[in-house]
Amino acid sequence: MTARLTATGLRVVRSGRTVLEVDRLEVHEGEVLGIIGPNGAGKSTLLQALALLERPASGEIAFEGAPVRGRELAYRRRMAVVFQDPLLLDGGVEHNVTLGLRLRGVPAKERRARARRWLERFGVAGLAGRHVRALSGGEAQRVSLARAFALEPEVLFLDEPFSSLDAPTREALLSDLDGVLRETRTATVFVTHDRDEALRLSDRVAVLMAGRVRQVGPAWEVFAAPADGEVAAFVGVETVVPGRVAGVSDGLARVAVGEGITVWAPAPPVPAAEVLVCLRPENVAIAPAGEPAEAGSVRNRLPGTVVRVVPAGFQARVELDCGFRLSALITGQSLRELALRPGDRVTAAFKATAVHLIPHAR
Amino acid sequence: MTARLTATGLRVVRSGRTVLEVDRLEVHEGEVLGIIGPNGAGKSTLLQALALLERPASGEIAFEGAPVRGRELAYRRRMAVVFQDPLLLDGGVEHNVTLGLRLRGVPAKERRARARRWLERFGVAGLAGRHVRALSGGEAQRVSLARAFALEPEVLFLDEPFSSLDAPTREALLSDLDGVLRETRTATVFVTHDRDEALRLSDRVAVLMAGRVRQVGPAWEVFAAPADGEVAAFVGVETVVPGRVAGVSDGLARVAVGEGITVWAPAPPVPAAEVLVCLRPENVAIAPAGEPAEAGSVRNRLPGTVVRVVPAGFQARVELDCGFRLSALITGQSLRELALRPGDRVTAAFKATAVHLIPHAR
Amino acid sequence: GGGGPDRDELILATTTSTMDSGLLDVLIPAFEEESGYRVTPVAVGSGQALELGRRGEADVLLVHAPEAEERFMAEGHGVDRRLVMHNDFVIVGPPEDPAGARAAAATREVLSRIAAAGARFISRGDDSGTHQLERALWQAAGIDPEGEAWYVVSGQGMGATLGVANERRGYTLTDRATYLALRDRLDLEILHQGDPVLRNVYHVIQVDPSKNDRVNAEGAQAFAEFLVGERAQEIIGEFGRDRFGEPLFTPDAGKDEADLR
Amino acid sequence: MDLIWDGLRQSFWLLVRGDARVYEIMLRSLLASGAATLLALLIGVPAGTFLALRRFPGRALVLSAVHSGMGLPPVVVGLVLSVLFWRTGPLGDLGLLYTVRAIVIAQTVIATPIVTGFTVAGIQALDPRLRLQILALGASRLQLLWLLLKEARLPLMAAVIAAFGAVISEVGAAIQVGSIIRGETELLTTATVLATQRGDFGLAFALSVILLALVFCVNAVFTLIQQRGPRP
Amino acid sequence: MDLIWDGLRQSFWLLVRGDARVYEIMLRSLLASGAATLLALLIGVPAGTFLALRRFPGRALVLSAVHSGMGLPPVVVGLVLSVLFWRTGPLGDLGLLYTVRAIVIAQTVIATPIVTGFTVAGIQALDPRLRLQILALGASRLQLLWLLLKEARLPLMAAVIAAFGAVISEVGAAIQVGSIIRGETELLTTATVLATQRGDFGLAFALSVILLALVFCVNAVFTLIQQRGPRP
Ligand SMILES: Nc1ncnc2c1ncn2[C@@H]1O[C@H](COP(=O)(O)OP(=O)(O)OP(=O)(O)O)[C@@H](O)[C@H]1O
Ligand SMILES: Nc1ncnc2c1ncn2[C@@H]1O[C@H](COP(=O)(O)OP(=O)(O)OP(=O)(O)O)[C@@H](O)[C@H]1O
Ligand SMILES: [Mg+2]
Ligand SMILES: [Mg+2]
């Protein structure tokens, strides 16, 4: 099946600097492609180029296989964009939400009905008559969302669309939109800084860094099996330590980390001697020293010392010294029960499958 | 000790609508006051009024006990604000960051030094010469932060200051700023939609709804012991069910919920018969039916059926029917181990201290 | 007329004074009614009027700059030049008359006194007929006022120049009609009048049609003949009587040029 | 000062008595300047938008030229157009000289740089991302232009007001290309000049007052359009 | 058309030969119009900012009046000021009539509404939150004004250009209050008018060309200031 949108050899230059260089990227019907990456990586630029808002220095974009060049307007009318900033036009809320439909020649009645439907969905139906300058930040973002969704596009671009929404609304929308997008088979490109959002909404995730796609794959894979050390650090794999594969058997690799410490991990697809051992803090459990941390398939049990406990909202980040620096994220409840303090001796436990090995050239 | 900033009888009217009405609010030296609330609640309005940017319809603001009226400029120069939108002035990045200092007559050398220091701290020192229109969203927000911090104010107002930052940067800043603010004894008012941020950075949290402060107290208290059902829902207490106190002994209340279900909870300070039983999903553990969920002080063990499992990033939200609707948040790891499916019979376990009772008039 | 539709059109280049006095507002409708031509009056300085004639941009001229007119005719730009009417000029100035102009009999003497006293004199300086006459008068008096501190150029029409004279307390040469119209607002008096050299003689000139194929020779001829005809002459003789109690112009058609000097 | 009162009184009577000639002159002034302003908009707005959004070599030069056009002396415009429109001039065949059409053209020449210059400034002052947002909503080139202009409404309406004001109050060019032909090309301003020259200051003031009143009424409408919509 | 070439040639020679009178007139024009523009800025910018930021009853009326002022016919301004400055007029004692100072005053009256009107539009078109941001940075009232003006630089510079252009190209008022006194109040425009009236079209064109060149140079500087700074 041809992708709904394909970008090939895309390069965008701004003030002489190449800010984006993407060899190939596809978005399929009914798919949500998450884009994550550091500030200034080029995410918004990528969105703008894909949305045919900016003519790239080179490269081509094809809509269902057909190059768009020369017929941008027609294709642009099958897309919608929610920008990072709401960018509402001077006028009323309803004016803004119906505008795109008016530009497409949709009859007034239909326009109003759609505007009402989507304003309601985003919880701002009561503001339809309000002037856009009299909106709060979050209200403006909701109007901007309604404006894009009212177009009922085939391709939808969302640039950090929930950043100003209050927590319950964001929560509700995340569940809600997931359904809507899948139902309408919309191809969605979704930029976010929130790992939870990326994981919950995206089918595939692309990691953009310094203008280049560093990894693209199923959402869970990007977070669990980052392609390199930088991506690993970015997606929240807090423990990234060099190791050496001492042996492989039954698909499991025995990795030597530091002085006499062994970590079990799934063998990398490409045999490699030098690797980076990656471990998400969410996947590490902590038990008092000696006590079995958890029953079952927990292959890795490393004794260690608590170095630091950092409360992180409802959870806490515990940094351990197990011969190497290891980070674990535990629930507030566990923290209270374990009553961890720096210097306490504990056991860190994690499954072999929670570990990801990146082949690594020294 | 007098508070650094005190607002009394504050009322702000916009286009004839009263959008803010705060009887009394204080911010102390060295304290971070978090402000949370739904979109349009009046958080930004409150900030603007406290920052002396908007003359309220009525009310008074005092700086260290002295009313500010008539001497706004002098006091404004002891404050700094990071707005919800970066609002950078036309010109270069450095120009923006040094501007506030220039307005205060700080010598050029000192200005440049401070600008450099703070731009570096926010990771945008390389952009000092860039025009502000050539910044990405997150870069602009960092510059806006540097601009406010460079003023080294006595009162700092932050309106969703991290909303556009990438996750690692936000994470690093949260730890970093906490230290800076405490060290400099800055009084900070901090608006956020991120519960984690609120909990991590704030000493006290105020919940604003429809222009009124609904609860203000220590951060953990607001999240654990919300003042009413609406606040409870807003701060993420997903289980809120009516119950009746059947008896109190040893500071523990026995609460009858629904048909023959008993929940143990700390007795409310004010004796009440009708209560709302509040429970955060983070505090509920799930075990296969029959098996002891956890050892120790877990007083409440309710049998139930899995209704729905919603993956939520690295965690999963499990909705149970225990005679009433009960929501639990478990780690992705637990989810995989328990392999929960709708219809599975399980035991929900939570401590008595995790339950909060709100006196409730039917 | 005849030929194309533009043959009905006739461009009359004339001096601002005829336009300002309102005489054209009476004469033109009368002519249009009688002949069927449509006249476009262009009121400019005499210099500009003659220049427009020279370029064939006007068909007929009604001007009062005798010397320039004669040069114009000598150079062959016009085909016929006929006497139409005259009005007269006066020299006005502040009642206190610092130069003693009142006492002088001849215009030449008046100017000499003004120059001798260094009293301020306001010139229109716009090459209009009035300005040209003024220059001729200075020349006759043997004085070159250009560049003198007391010689002020207003660069404007007669009304405004009178205003400047009033403000700057200077003398100026003006046609009687404009002075009469403004008399009430001015603190200036007629200090000298009656010298035959102060006559302001208007001629009508038909522009040489061989200049370009646009010049409307028949129309020009018709207009010139109308002006020297009985009806126009009568209108001219009556014009202004109702407003000032005396006519502003004297009809002169058919008179000998020399009689007016 | 009595002159001014006199003028006010006289203007009042001119209007109340319903002097047909005065009304005719008013209407002609209004139509000529309105047409010129409209033409200036039709030329200046697209040109200005182009200059605002496109970067090309020599742009600063063109912009300086446009800005200089704002300082084009009406007298010079009148002179140059006269020379062009002269019967023997390159455009003589059109027979435009001493017609209202010539006046409209002269005034268009005067108004166009004003409209162009302020369109450039107004559009450039907009957030550049608005352009992307509007395109993203599916706007065609023309729709984009229209929506951008609506966003730049405030400076643009000011430009329209300034352009209209400049041309309706201008005499230098109108007199030269239109002369002051009663019933044909007489305008409020040129009639005022004539009255002044005749020394009829009362009428001159009366006509000025009428002109000002007219300009005020037109501008009140423009101002309402400009300031429409709530601004907090 | 030959006239236009003639004018160009003549203007070239006037400048190259270094005709002292021409340079003197140029300088006077530049100084008078420069002074008038400066005065108009000093009055119009604070007034415009006030009108832009404050809401008060009658504001729309005041704004309409300002906008009408943009259409104030120079002839009328000249007439009214003349009446005021007449020796018998209320301000006669100042002895201003037919001096350069009178011209500067008249031109200031003409330029001020233009500057005011565009200041209002320029400031109003800014994001209203910018005002709060600037205040939050610790700006005093004056600093706020200055920074807002910098933000509204584009339309404001256009306004300065328009105002300067309007007054340096204007004749109606200058002639009436200043006359054309050689060595005293002669300006480029009034000298052009004079040359036109004399039928000396060549000189008229030459002076126009010089005026345009002058305006172009001044505006090139303004345009550079306006367009300074990178705009993506
Ligand atoms: N000019 C105005 N006229 C009427 N209502 C206004 C005006 N400006 C703001 N409001 C309303 O005031 C309320 C408070 O706005 P405010 O910006 O303080 O909200 P907020 O709590 O910061 O919201 P958010 O989380 O979306 O940023 C909102 O309901 C908004 O709609
Ligand atoms: N006009 C410009 N000139 C030079 N560089 C520019 C220009 N505009 C943007 N950039 C740079 O292009 C890069 C990509 O910007 P973009 O807005 O796409 O980043 P982003 O990934 O969306 O970042 P964020 O997460 O902060 O929104 C940034 O480094 C930015 O500084
Ligand atoms: Mg971005
Ligand atoms: Mg807000």
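Protein chains get the first letters and strands the later ones, always in sequence-line order, with residue 1 at the start of each. Just so it is clear, the structure is predicted and the values come from calculations on it, not from any experiment.
- Across every non-hydrogen atom of E:Ser169 and D:Pro74, the tightest pair is O-CD, 3.6 Å.
- A distance of 9.5 Å separates CG of E:Leu63 from CG of D:Leu224, quoted to the nearest 0.5 Å.
- Looking at residues two or more places apart in sequence or on another chain, you find a salt bridge (Lys or Arg N to Asp or Glu O under 4.0 Å) between E:Arg129 and B:Asp85, E:Asp127.
- With a 4.5 Å cut-off on non-hydrogen atoms, E:Ala166 touches chain D through its backbone but not through its side chain.
- Interface residue E:Leu72: backbone and side-chain heavy atoms are both found under 4.5 Å from chain D.
- Heavy-atom pairs under 4.5 Å with chain E were tallied for D:Ile168, D:Val221, D:Leu212, D:Leu207; the largest tally goes to D:Leu212.
- At a 4.5 Å heavy-atom cutoff, E:Phe164 makes no contact with chain D through either its backbone or its side chain.
- Contact detail for E:Met70 and D:Ala158: the closest heavy-atom pair is SD-O, 4.0 Å.
- Taking chain D as the reference chain and counting heavy-atom pairs below 4.5 Å, the highest number among E:Ala159, E:Gly122, E:Cys217 is found for E:Ala159.
- Nearest heavy atoms, D:Pro73 versus E:Leu211: CG-CD2, 2.9 Å.
- Across E:Ala220 and D:Ser64, no two heavy atoms sit closer than the pair CA-OG, 3.4 Å.
- A 4.5 Å side-chain heavy-atom check between D:Leu154 and E:Pro155 finds every atom pair outside the cut-off.
- For a residue to count as touching a neighbouring chain, one of its non-hydrogen atoms must lie under 4.5 Å from one of that chain's; by this rule E:Ile161 touches chain D with backbone and side chain alike.
- Closest non-hydrogen pair, D:Val80 versus E:Phe205, comes out as CG2-CE2, 3.3 Å.
- Proximity of D:Val75 to E:Thr189: side-chain heavy atoms (C-beta onward) are nowhere separated by under 4.5 Å.
- How far CG of D:Asn219 is from OG of E:Ser68: 4.5 Å, rounded to the nearest 0.5 Å.
- In this structure, chain D has heavy atoms under 4.5 Å from both the backbone and the side chain of E:Ala65.
- Heavy-atom pairs under 4.5 Å with chain E were tallied for D:Leu79, D:Thr192, D:Val167, D:Val66; the largest tally goes to D:Leu79.
- Within the 4.5 angstrom heavy-atom criterion, only side-chain atoms of D:Gln176, from C-beta onward, approach chain E.
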